[in-house]
Amino acid sequence: MRNLSIIGLILPITFIVSAVTSVVNAASLTAWGQGKVPIGNDYANIAAGYSHSLALRSDGSLVAWGNNDDGQCDVPDGTAFEAFAAGGWHSVALMSDGSLDACGYNAYGQCDVPSGTDFTAIAAGWWHSLALKSDGSVTAWGRDNHDQNDVPVGTDFTAIAAGASHNLALKTNGSLQAWGNNNHGQCDVPEGIDYKLIAAGTYHNMAIKSDGSLIAWGYNDHNQCDVPDGNDFKAIAAGYEHSIALKSDGSITAWGRNNYGQCEVPDGNDFVAVTAGQWHNLAIKTDGTVVAWGYSYFGQCNVPSDSNFESIAAGDYHGQAITSDGSLVAWGRNNCGQCDVPVGKDFIAITAGGWHSVALKENGSLMAWGNNDYGQCSVPEDTNFVAIDAGYEHSLALKEDGSLVAWGRNDYNQCNVPGGTDFSAISAGYEHSLALKLNGSIEAWGRNTYGQFDVPGGTDFVSIAAGDNHNLAIKSDCSLVAWGSNIAGQCDIPPGTDSVVAVTAGGWHSVALKSDGSLVAWGRNKDGQCDVPAGTNVLAIAAGYNHNVAIVHLIPGDFDANRQVNLFDFATFASHWMDTGCNYRNNWCDQTDFDKLGTVDIIDLAIFGKHWLQGTE
């Protein structure tokens, strides 16, 4: 279902180049769709909403990731952002000219920002927004069911914070004022004029006093208001039922409800900023990188920052990769242990199902882990497997004799594989399966509710991909066909999608890799899974239910990472090409036998080389 696709290129032959060296791996990962934590070290500020996050770069641009059901991550372009706030399902931004902008859920007008260029600070609640003006007054808009928009009169406010449906403000004399929903006493502010920093959670508040100590009040069912002792706190943040604080030594502490690990703070004393969402937290380190912890339902795109990946796979909410040394890494949702990868350096292929994972080892044996409710992890014990794929709750494998085997959930006969020894490729969907035969035809079995079995006729297919309830196939002329469920347009191939060399199918979306290294995506896009990254440096793709993962190069074929494609890089690839030969175990036949003679030889290498050295940039 979530298959890896590898680029292959077909062009005329004009010369031959010999191989002289070994492969130098220079591939990194990128991901898009739900939950993309940004990679980089240029972040200056952060904010966390109910299930989405925002970060400000040092150049003044804004990035967002996480739940995007209502467009709360569709932040405006540009580099003129001064501050920002993440609400329940909306985001608000303060521009460098003092004006406001907003995006996301707007049923209560919380994104209908007031005009003007005299704003200096912003805050966002669940369904309302708040802003501080340069004259020290406060304005509010959006939902007003608890009078949270009835701002106090005055021009002596210096800071603001918004909870679910209440607000907190700090005055110039160091006193506090609160208004809005007070069902948990969150508006019963403590007396005093020695406060310097404030934070509002869903139903509780926190403040740092002038001596560096903490105070909290409001909803306390999980002890989120039981602040730690000390007077060395310099920043605070409040979530739904937990609290977090940054200490003067750069370390972080957290307390309150810990049902998603939101209080299990990262080690170290190199943190400079913290923020809290509903059940997750973010922090910025001194090197400008962002870290996150807690509830990670939308964290399946929190890709590792390594740069030595050779293959990838994407499950419904988790991802996996094989590194250049043959070991496995995984990230994302781990509710069934699907990310608890086995130790070892002899893995050559991986696949990710709904809540389980399967790997193929060098000796042809299989391993599986994660959810095994239907036996989808009960792999056969043979050592003659050459390819694998995982559906939602079933698994599929191709044997070296060309026969098929399947195991796991079988209520739609998705494991009743056809007989024969003439199969060359496989792909598993949600509750159906596909196989490509040696003669170039396609066979399908399992559930057929959406026409998944309506395979196109012909014997000129070279690659297949099964999504949840739709299928894709590449023909020998590099054109693309699709069939099955089209509820989100996942079978409506965009015009101009030609020269396709790899394809992958997600839940209700499709992604194609073109011969120039660029991507095209179509279908459902509520989580940004079709907002493909720009550029022509993609080498491989994999699609999960509503996210994607890709292996990229700075420049395709740039193995020495010098931003040029040259003879050294070509020879590097050539060495690997000629060493691997042609066998099912490494799957090079399907991708590199350009002259269709059944072997990978120097002629095929030269065909690839023609394109390689003529401007693959």
Side-chain angles (χ1 to χ4, degrees), residues 43-48 83 85 120-121 123 132 136 156-163 166-178 184-258 261-277 280-288 290-294:
Y43 296 97
N45 209 344
I46 46 178
T120 60
L132 179 65
D156 57 345
F157 296 99
T158 62
I160 52 175
H166 77 283
N167 303 305
L168 181 64
L170 178 65
K171 305 186 78 169
T172 54
N173 67 355
S175 64
L176 301 175
Q177 191 160 350
H184 295 287
Q186 59 265 48
C187 292
D188 297 334
V189 297
E191 295 181 357
I193 54 172
D194 56 346
Y195 298 101
K196 64 177 185 178
L197 284 175
I198 55 174
T202 303
Y203 301 116
H204 75 290
N205 302 308
M206 296 173 64
I208 297 181
K209 304 180 80 170
S210 57
D211 65 358
S213 62
L214 297 180
I215 189 170
W217 66 99
Y219 187 55
N220 195 35
D221 275 13
H222 295 276
N223 302 315
Q224 60 266 44
C225 292
D226 296 341
V227 298
D229 294 331
N231 57 2
D232 56 347
F233 299 98
K234 64 177 185 179
I236 48 175
Y240 180 60
E241 295 168 327
H242 75 286
S243 303
I244 184 171
L246 176 65
K247 304 183 79 170
S248 56
D249 65 358
S251 63
I252 296 172
T253 185
W255 61 98
R257 192 173 189 183
N258 193 36
Q262 59 267 46
C263 292
E264 297 169 7
V265 299
D267 294 331
N269 56 1
D270 56 345
F271 297 99
V272 296
V274 292
T275 188
H280 75 291
N281 306 303
L282 301 173
I284 297 179
K285 305 184 78 170
T286 53
D287 62 2
V290 175
V291 296
W293 67 100

Inset, instruction - Could you label the plane-to-plane angle of the Tyr219 and His184 rings as parallel, tilted or perpendicular, counting under 30° as parallel and over 60° as perpendicular? - result: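 Rings of Tyr219 and His184: tilted, as their planes differ by 30° to 60°.
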Over all atoms of both residues, closest heavy-atom pair of [X] and [Y]:
X      : Y      : answer
Ala48  : His280 : CB-NE2, 3.7 Å
Ile160 : Ala123 : CD1-N, 4.1 Å
Ala199 : Ala238 : CB-N, 4.3 Å
Glu264 : Trp293 : O-CD1, 3.4 Å
Ala237 : Ala276 : CB-N, 3.5 Å
Ala162 : Asn167 : CB-OD1, 3.6 Å

Inset, instruction - Apply the test side chain to side chain contact (heavy atoms under 4.5 Å, CB included) to residues Ile215 and Val227: give CA-CA distance (whole Å), side-chain angles for both, the deciding distance (0.1 Å), then the verdict. - result: CA-CA 6 Å; Ile215 189 170; Val227 298; 5.7 Å; no
If you measure from [atom1] on [X] to [atom2] on [Y], what distance do you get to the nearest 0.5 Å?
X      : Y      : atom1 : atom2 : result
Ile208 : Tyr195 : CD1   : OH    : 12.5 Å
Leu214 : Asp229 : CG    : CG    : 9.5 Å
Asp221 : Arg257 : CG    : CZ    : 9.5 Å
Ile252 : Lys247 : CD1   : NZ    : 11.5 Å
Lys171 : Thr158 : NZ    : OG1   : 10.5 Å

Legend entry - Residue pair Leu197, Phe233: steps toward the side chain to side chain contact (heavy atoms under 4.5 Å, CB included) verdict: CA-CA 10 Å; Leu197 284 175; Phe233 299 98; over 6 Å; no
Inset, instruction - With sequence neighbours excluded, tell me which residues meet side chain to side chain contact (heavy atoms under 4.5 Å, CB included) with Val189. - result: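 With neighbours one apart ignored, the set is Leu168, Leu176, Ala178, Trp217.
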Inset, instruction - Mind checking side chain to side chain contact (heavy atoms under 4.5 Å, CB included) for Thr202 and listing every partner two or more places apart, or none if nothing turns up? - result: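 Side chain to side chain contact (heavy atoms under 4.5 Å, CB included) check on Thr202 returns Trp126, Ala164, Tyr240, Gln278.
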Legend entry - Any side-chain heavy-atom pair of Asn258 and His242 under 4.5 Å: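 The answer is no; the side chains never approach within 4.5 Å.
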Legend entry - 4.5 Å side-chain heavy-atom contact, Trp255 and Asn223: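 Not in contact.
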Inset, instruction - Run through Thr275, Ile46, Asp270 and flag the one making a side chain to side chain contact (heavy atoms under 4.5 Å, CB included) with Ile284. - result: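 With Ile284 as partner, Thr275, Ile46, Asp270 yield a single side chain to side chain contact (heavy atoms under 4.5 Å, CB included), made by Ile46.
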Inset, instruction - Determine yes or no for a side-chain-to-main-chain donor-acceptor pair under 3.5 angstrom, with Asn205 supplying the side chain and Gln186 the backbone. - result: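 The answer is yes, because a donor-acceptor pair under 3.5 Å joins these two groups.
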Inset, instruction - Return yes if some donor-acceptor pair links the side-chain N/O of Ser243 with the main-chain N/O of Gln224 below 3.5 Å, else return no. - result: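 Checking the backbone N and O of Gln224 against the side chain of Ser243, a donor-acceptor pair under 3.5 Å is found.
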Inset, instruction - Decide if atom CG of Asp249 counts as having more than 12 heavy atoms of other residues, nucleotides or ligands within a radius under 6.0 Å. - result: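 Check passes, neighbour count above 12.
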Inset, instruction - Might you confirm whether atom CG of Asn173 has over 12 heavy atoms from other residues, nucleotides or ligands at distances under 6.0 Å? - result: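 Yes, the 6.0 Å shell around CG holds more than 12 heavy atoms from other groups.
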Inset, instruction - Show the numbers, then the answer: is there a side chain to side chain contact (heavy atoms under 4.5 Å, CB included) between Leu246 and Ile236? - result: CA-CA 6 Å; Leu246 176 65; Ile236 48 175; over 6 Å; no
